[in-house]
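Working notes, beginning with the structure itself.
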Amino acid sequence: MSDLTQLTISQARAKLRSREITATEVTEAYLSAIERANPALNAYVVVTGDKARDMAKASDAKLAKGEGGSLEGIPLGIKDLFGTEGVHTQACSHVLDGFKPRYESTITANLWADGAVMLGKLNMDEFAMGSSNETSYYGPVINPWRRSRLDTVVMPTTHQGEGGFVSAGGTRTARTLDNAQLVPGGSSGGSASAVSAFLCAGATATDTGGSIRQPAAFTGTVGIKPTYGRCSRWGVVAFASSLDQAGPIARDVRDAAILLKSMASVDPKDTTSVDLPVPDYEAAIGRSIKGMKVGIPKEYRVDGMPEEIEALWQKGIAWLRDAGAEIVDISLPHTKYALPAYYIVAPAEASSNLARYDGVRYGLRVPGKDIVDMYEKTRAAGFGREVKRRIMIGTYVLSAGYYDAYYLQAQKVRNLIKRDFENVFVAGVDVILTPATPSAAFGIADEDMAADPVKMYLNDIFTVTVNMAGLPGIAVPAGLDAKGLPLGLQLIGRPFDEETLFQTAHVIEQAAGTFQPEKWW
Amino acid sequence: MSVDIKTVKRVAHLARIAVSEEDAERMTGELNAILGFVEQLNEVDVSGVEPMTSVTPMAMKKRQDVVTDGSKAADIVANAPATEENFFLVPKVVE
């Protein structure tokens with residue numbers, strides 16, 4: 001076997017079960033890949049090599065007896081937002097300095113119970129607040145994808161192009177990689193970068209406004225945010241509790257289905273965990289979409305959207321139509337209000353959730369002249385700029401005299417956004433197809449976005465509606481732009497109908513293929 | 001609506017975040033940009049619309065009122081910056 005990190009989860013699973021390879025071999029392959037790549041990509045903030053080797057050894061013992069769970073011996077990366085017992089858990093914030101929980105989140109406990117191996121903790125935007133992974137206390141994550149330029153090279157007639165296209169005139173085109181570093185998206189930037197660069201077989205991620213789907217789209221990976229209530233939030237550091245949902249980022253649709261099956265559960269420890277059995281998502285893959293009604297919302301055609309995104313969307317429509325789906329135009333009239341409503345609801349909940357970081361029970365403490373001074377100094381030193389900005393907005397909109405004008409109005413608008421979706425589902429639409437993001441990955445330290453926080457927020461314009469309505473959404477890679485960067489499409493489903501998302505996303509994947517970055521690191 | 005630097009300082013104190021004069025000035029601009037962006041919500045007609053309380057219609061889960069957890073004081077204080085005999089230590093709050 002050449003490079004074990006190239007195997008998808010489903011391929012590795014088969015080879016592990018047939019004992020063609022061992023969990024220890026796969027784990028060692030990933031650990032060396034991380035060692036080589038992480039200085040360049042900064043995807044992991046902690047690598048748990050010893051733990052990974054112990055877990056792999058235990059998996060090999062089970063596999064040798066013909067036993068083992070659905071993810072036995074599969075090495076995964078875990079976003080730093082998930083509580084992992086005895087292991088660095090800081091939401092990539094300085095305020096949680098040194099925090100090692102004495103408990104395990106329900107989701108990671110589910111993964112370990114199914115036999116998965118933990119490689120380490122993945123970088124992310126601080127407290128999952130960001131769309132570029134640049135707000136992390138541990139520095140930005142680098143996207144393994146780079147822009148490239150198409151050059152025409154005149155070829156000697158005897159030599160035919162290797163890796164390029166041979167043209168009739170004896171020339172070929174070759175892609176030359178640009179050196180500019182790009183963001184992997186956020187907040188699950190470490191998860192997306194690590195999956196795309198083959199530094200884990202799959203990763204956990206979380207999505208409050210697009211934090212799974214936007215980075216997946218920026219890195220040519222598959223990311224699903226399940227229905228609110230499908231995955232337990234217990235033991236996951238809270239950002240905005242009514243919007244937060246965890247899900248996987250994976251290399252293909254099948255792997256995403258395998259991971260979600262293990263992550264999802266009914267959990268008495270989370271009162272918003274919904275009491276519904278977890279279906280076998282993988283079984284939905286390969287089912288025909290003949291006769292399925294696919295809605296195309298006109299409000300997702302926004303001003304200034306690159307033509308390439310529109311073209312990709314049209315391609316997606318054609319693929320689904322060719323596969324037998326019925327395409328219908330729909331309207332979701334309150335779409336444009338989702339992002340402004342989100343920037344009231346999410347900061348309001350965050351300001352309340354993050355009140356707990358006070359320098360008393362865990363993490364950083366900066367001494368002060370009295371207790372209030374200690375709180376203020378600790379929080380000033382512990383939180384980064386974006387987190388402070390959101391706590392401030394949240395505190396303001398919840399403060400006396402402003403609650404009705406901002407928070408109550410936003411929660412009413414949220415109901416209208418949800419109603420828009422309900423109306424189209426009642427009218428018989430099974431799934432909605434949209435672009436995943438309004439652009440491809442952008443550069444690190446983009447000046448426009450640094451100057452205006454709202455510009456950065458606009459990254460989530462197509463994904464945030466789904467969180468506001470609590471629906472499931474999947475981002476699936478659908479092509480490359482002219483500069484060779486991946487672009488994704490998003491599918492939105494009915495509540496708890498993740499199966500239709502996997503089924504339809506697989507049709508897109510079959511038509512579009514899968515995408516790998518050219519290795520430069 | 002927009003905020004002035006005095007309001008920003010008041011909100012920072014409510015949020016228990018120390019801000020320098022320079023921080024407060026920068027934040028005033030940033031907060032006003034965000035508040036300007038969310039202003040558009042006022043054009044939505046919400047008459048007769050209830051504010052959302054839950055995205056999924058569900059009955060609140062209840063459980064038997066019995067002790068299911070506890071006796072882990074050492075775990076609870078394990079990550080605290082300052083403790084003594086399973087108590088959190090803080091600066092003096094009562095004179």
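Between the side chains of A/Thr272 and A/Asp270, at least one donor N or O sits under 3.5 Å from an acceptor N or O. Residues A/Thr84 and A/Thr89 bring a donor and an acceptor atom of their side chains to less than 3.5 Å of each other. A donor-acceptor contact under 3.5 angstrom links the side chains of A/Ser93 and A/Glu126, judged on distance only. Residues A/Ser241 and A/Asn353 bring a donor and an acceptor atom of their side chains to less than 3.5 Å of each other. There is a side-chain donor-acceptor pair under 3.5 Å between A/Glu376 and B/His13.
Contact tally against chain B (heavy-atom pairs below 4.5 Å) for A/Asp373, A/Asp358, A/Leu339, A/Thr378: the top residue is A/Leu339. Between chain B and the residues A/Gln409, A/His334, A/Lys388, A/Lys336, the largest count of heavy-atom pairs under 4.5 Å involves A/Gln409. The choice from A/Lys100, A/Met468, A/Arg419, A/Arg385 that makes the most heavy-atom pairs within less than 4.5 Å of chain B is A/Arg385. When each of A/Tyr375, A/Phe496, A/Tyr103 is checked for heavy-atom pairs under 4.5 Å with chain B, A/Tyr375 comes out on top. Ranked by non-hydrogen atom pairs under 4.5 Å with chain B, the options A/Ser273, A/Ala381, A/Ser351, A/Ala410 are led by A/Ser273. Interface remark: of the candidates B/Ser54, B/Pro51, B/Ala80, B/Ala82, B/Pro51 forms the most heavy-atom pairs closer than 4.5 Å to chain A. Of all the listed residues (B/Ile34, B/Thr56, B/Val93), the one sharing the greatest number of non-hydrogen pairs under 4.5 Å with chain A is B/Ile34. In terms of non-hydrogen atom pairs under 4.5 Å with chain A, the most contact-rich of B/Val19, B/Val77, B/Leu89 is B/Leu89. Between chain B and the options A/Thr227, A/Val413, A/Val360, A/Asp97, the largest number of non-hydrogen pairs under 4.5 Å is found for A/Val360.
In this structure, no portion of A/Pro367 lies under 4.5 Å from any heavy atom of chain B. Looking at A/Met392, the atoms closer than 4.5 Å to chain B (heavy atoms on both sides) sit in the backbone and in the side chain alike. Heavy atoms of A/Tyr342 lying under 4.5 Å from chain B are absent altogether. Only the side chain of B/Val3 comes within contact range of chain A, with at least one heavy atom under 4.5 Å from a heavy atom of that chain. Heavy atoms of B/Arg63 lying under 4.5 Å from chain A are absent altogether. Residue contact with chain B, scored on non-hydrogen atoms closer than 4.5 Å, involves the backbone and the side chain of A/Ala341 alike. Only the side chain of B/Thr7 comes within contact range of chain A, with heavy atoms under 4.5 Å apart.
When the options A/Asn467, A/Val466, A/Asp460 are evaluated for a side-chain contact (heavy atoms from CB on, under 4.5 Å) with A/Asp207, the one that passes is A/Asn467.
The heavy-atom pair separating A/Gly247 from A/Pro226 by the smallest distance is CA-CD, 3.9 Å.
Judged by distance alone, with hydrogens and angles left aside, the side-chain atoms of A/Ser265 form no donor-acceptor pair with the main-chain N or O of A/Asp267 at under 3.5 Å. Distance alone, capped at 3.5 Å, is enough to place a donor-acceptor pair between the A/Arg230 side chain and the A/Leu276 backbone.
If you look at A/Phe99 and A/Tyr357, their ring centroids are not closer than 6.0 Å.
Between the CG atom of A/Leu96 and the NE2 atom of A/His88 there is a distance of 9.0 Å, given to the nearest 0.5 Å. Interatomic distance, CD1 of B/Ile17 versus CD1 of A/Ile391, reported as 4.5 Å (0.5 Å rounding). Distance check: A/Tyr343 OH to A/Tyr457 OH gives 5.0 Å after rounding to the nearest 0.5 Å.
Of all residues spanning residues 40-50 of chain B, those with a heavy atom less than 4.5 Å away from chain A's heavy atoms are B/Gln40, B/Leu41, B/Asn42, B/Glu43, B/Val44, B/Asp45, B/Val46, B/Val49, B/Glu50, arranged by number.
The environment of B/Phe88 atom CZ is dense: over 12 non-hydrogen atoms of other residues, nucleotides or ligands sit within 6.0 angstrom.
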